[in-house]
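Proteins come first, then strands; the chains are lettered A, B, ... in the order of their sequence lines, and each starts at number 1. Atoms considered below: every heavy atom in the structure, side chains included; atoms not considered: hydrogens, waters and symmetry mates.
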2 protein chains.
Amino acid sequence: MFSKACKYAINSMIFLATLPEGEERIGLKDIATAINSPEAFTAKILQALVRENLLESIKGPNGGFQISEVGKKVTLHRVVQVIDGDSVFTGCALGLQECTEKRPCAAHHKFKAIRDHLTGMMMTTTLEDMANGIRQGVSYLKY
Amino acid sequence: MFSKACKYAINSMIFLATLPEGEERIGLKDIATAINSPEAFTAKILQALVRENLLESIKGPNGGFQISEVGKKVTLHRVVQVIDGDSVFTGCALGLQECTEKRPCAAHHKFKAIRDHLTGMMMTTTLEDMANGIRQGVSYLKY
DNA sequence: ATATAAAAGGATATTTTTGTCTTTTATTAT
DNA sequence: ATAATAAAAGACAAAAATATCCTTTTATAT
């Protein structure tokens, strides 16, 4: 469904969203540990999230990453879009180049319902929603 | 969502399912042309479908592939399972190793609904359904 | 029997994704 | 100013997915 890079991105964002007011900044190492991801690879992904303003980063001692104001309000949909693009939301499930209402693939209408469901869910689920589950201990970031 | 191999598999199966009674056998080249896929790669995929008895193959002149009795009755779900396994139906969307009702990832319940929807659709959509759309010219296999 | 056709099988190549390592840049504290 | 810290950037490496090529096996037709 999503690339590993995208999963790391989502989990990183959720983790950063769980950090309490005033202690929002945290280093790469701690993020990678918290979500159980390879550190250097995670760094690349965080860079992309910084470029898209979902995160802020500060170099040097006591540096690290923190969720931005934009990032705080963002949905799952946006995070996926930044890392994987929106092919998962709009691409043809059977791989046709041109797959439209007028010239649909064999599974177009069946998959349209699924994709609409997925897109709707992703556009209405915020990082805050998911961070709350983690904070309350009803859901988890690793293992 | 699905690997390219899996898309080629689905499209091949649909194409083979559209062939009329008595003219069911057709060569690799024609299949690859019909679905616009790389020939040799498609061959590998068809071999896997033969191994799983969704297709039959005959070597030599006038040889080729044809859909088996099993294959005729099969659902999209089964084709995907043969090529991609069922991680798309059962795997954790956020990549957690252990993601269960008791120890869910942050998005578990949201994705459960999507996956149930997807799985349900795939288990009830047969190749025949999709072949009919192609035969009637209301859906397409390439471009 | 022989030549031909077509899939099977295996080796190899390419591309994409994932992952690591090293150097550079920015920031902080001494 | 200097040393230390941490992210950014870029080069490189490994693994997986995709794709091709070559040889072998099986069947058909002459």
Output a table of donor-acceptor pairs, distance under 3.5 Å, between side-chain atoms of residues 87-103 of chain B and any protein atom two or more places apart or on a different chain; print 'none' if there are none.
unit_1    : atom_1 : unit_2    : atom_2 : d
Thr90(B)  : OG1    : Asp86(B)  : O      : 3.0
Thr100(B) : OG1    : Lys102(B) : N      : 3.4
Thr100(B) : OG1    : Arg103(B) : N      : 3.0
Glu101(B) : OE2    : His108(B) : NE2    : 3.1
Arg103(B) : NH1    : Lys142(A) : O      : 3.1
Arg103(B) : NH1    : Tyr143(A) : O      : 3.1

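Between Phe41(A) and Tyr8(A), the ring planes are perpendicular. Angles over 60° get that label, and only those under 30° would be called parallel.
Across all non-hydrogen atoms, the minimal contact from Ser139(B) to Ala106(A) is OG-CA, 3.6 Å.
Atom pair Lys4(B):NZ and dT16(C):C1' shows a separation of 10 Å (rounding to whole Å applied). Taking atom CD of Gln47(B) as the reference point, atom P of dA11(C) lies 14 Å away to the nearest angstrom. Following rounding to the nearest Å, Lys29(B) (NZ) and dA7(C) (C1') show an atom-to-atom distance of 12 Å. The distance between atom CZ of Phe41(A) and atom P of dT16(C), rounded to the nearest whole Å, is 15 Å. The nearest whole Å value for the distance from the CZ atom in Phe65(B) to the P atom in dA5(C) is 18 Å. Rounded to whole angstrom, the span from the CG atom of Leu28(B) across to the C1' atom of dA8(C) amounts to 11 Å. Atom-to-atom, NZ of Lys7(A) to C1' of dT17(C) comes out at 13 Å; the value is rounded to the nearest Å.
Two residues, Pro61(A) and Glu39(A), neighbour DNA chain C, and the one matched to the more 5' nucleotide by heavy-atom proximity is Glu39(A). Comparing Phe2(B) and Gly60(B), the nucleotide of DNA chain D nearest to each residue sits closer to the 5' end for Phe2(B).
First and last contacting nucleotides of DNA chain D toward chain B (any atom under 4.0 angstrom from a heavy atom, 5' to 3' order): dT18(D) to dA29(D).
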Item checked: side chain to side chain contact (heavy atoms under 4.5 Å, CB included) evaluation trace for Val70(A) with Leu54(A) -> CA-CA 6 Å; Val70(A) 171; Leu54(A) 304 197; 4.0 Å; yes
Item checked: Pair His117(A)-Met121(B), side chain to side chain contact (heavy atoms under 4.5 Å, CB included): steps then yes or no -> CA-CA 13 Å; His117(A) 188 178; Met121(B) 182 277 273; over 6 Å; no
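With hydrogens and angles ignored, a donor-acceptor pair under 3.5 angstrom links the side chain of Lys44(B) to the base of dG10(C).
For the pair Tyr8(A) and dT18(C), the criterion of a side-chain N or O lying under 4.0 Å from OP1 or OP2 is not met.
When distances run from any side-chain atom of Ala40(A) to the nucleotides dA5(C), dA8(C), dT20(C), the shortest one goes to dT20(C).
Between Thr126(A) and Asp129(A), the side chains place a donor N or O and an acceptor N or O closer than 3.5 Å (distance only, hydrogens not considered). Using modelled atom types and a 3.5 Å distance limit, the side chains of Asp84(B) and Ser3(B) yield a donor-acceptor pair.
Rounding to the nearest 0.5 angstrom, the gap separating the CZ atom in Arg25(B) from the CG atom in Leu55(B) is 12.5 Å.
Contacts between residues 48-58 of chain B and DNA chain D, defined by a heavy-atom separation under 4.0 Å, are absent.
Under the 4.5 Å side-chain heavy-atom criterion for grouping Ile, Leu, Val, Met, Phe, Trp and Tyr, Met130(B) is connected to Leu141(B) within one hydrophobic cluster.
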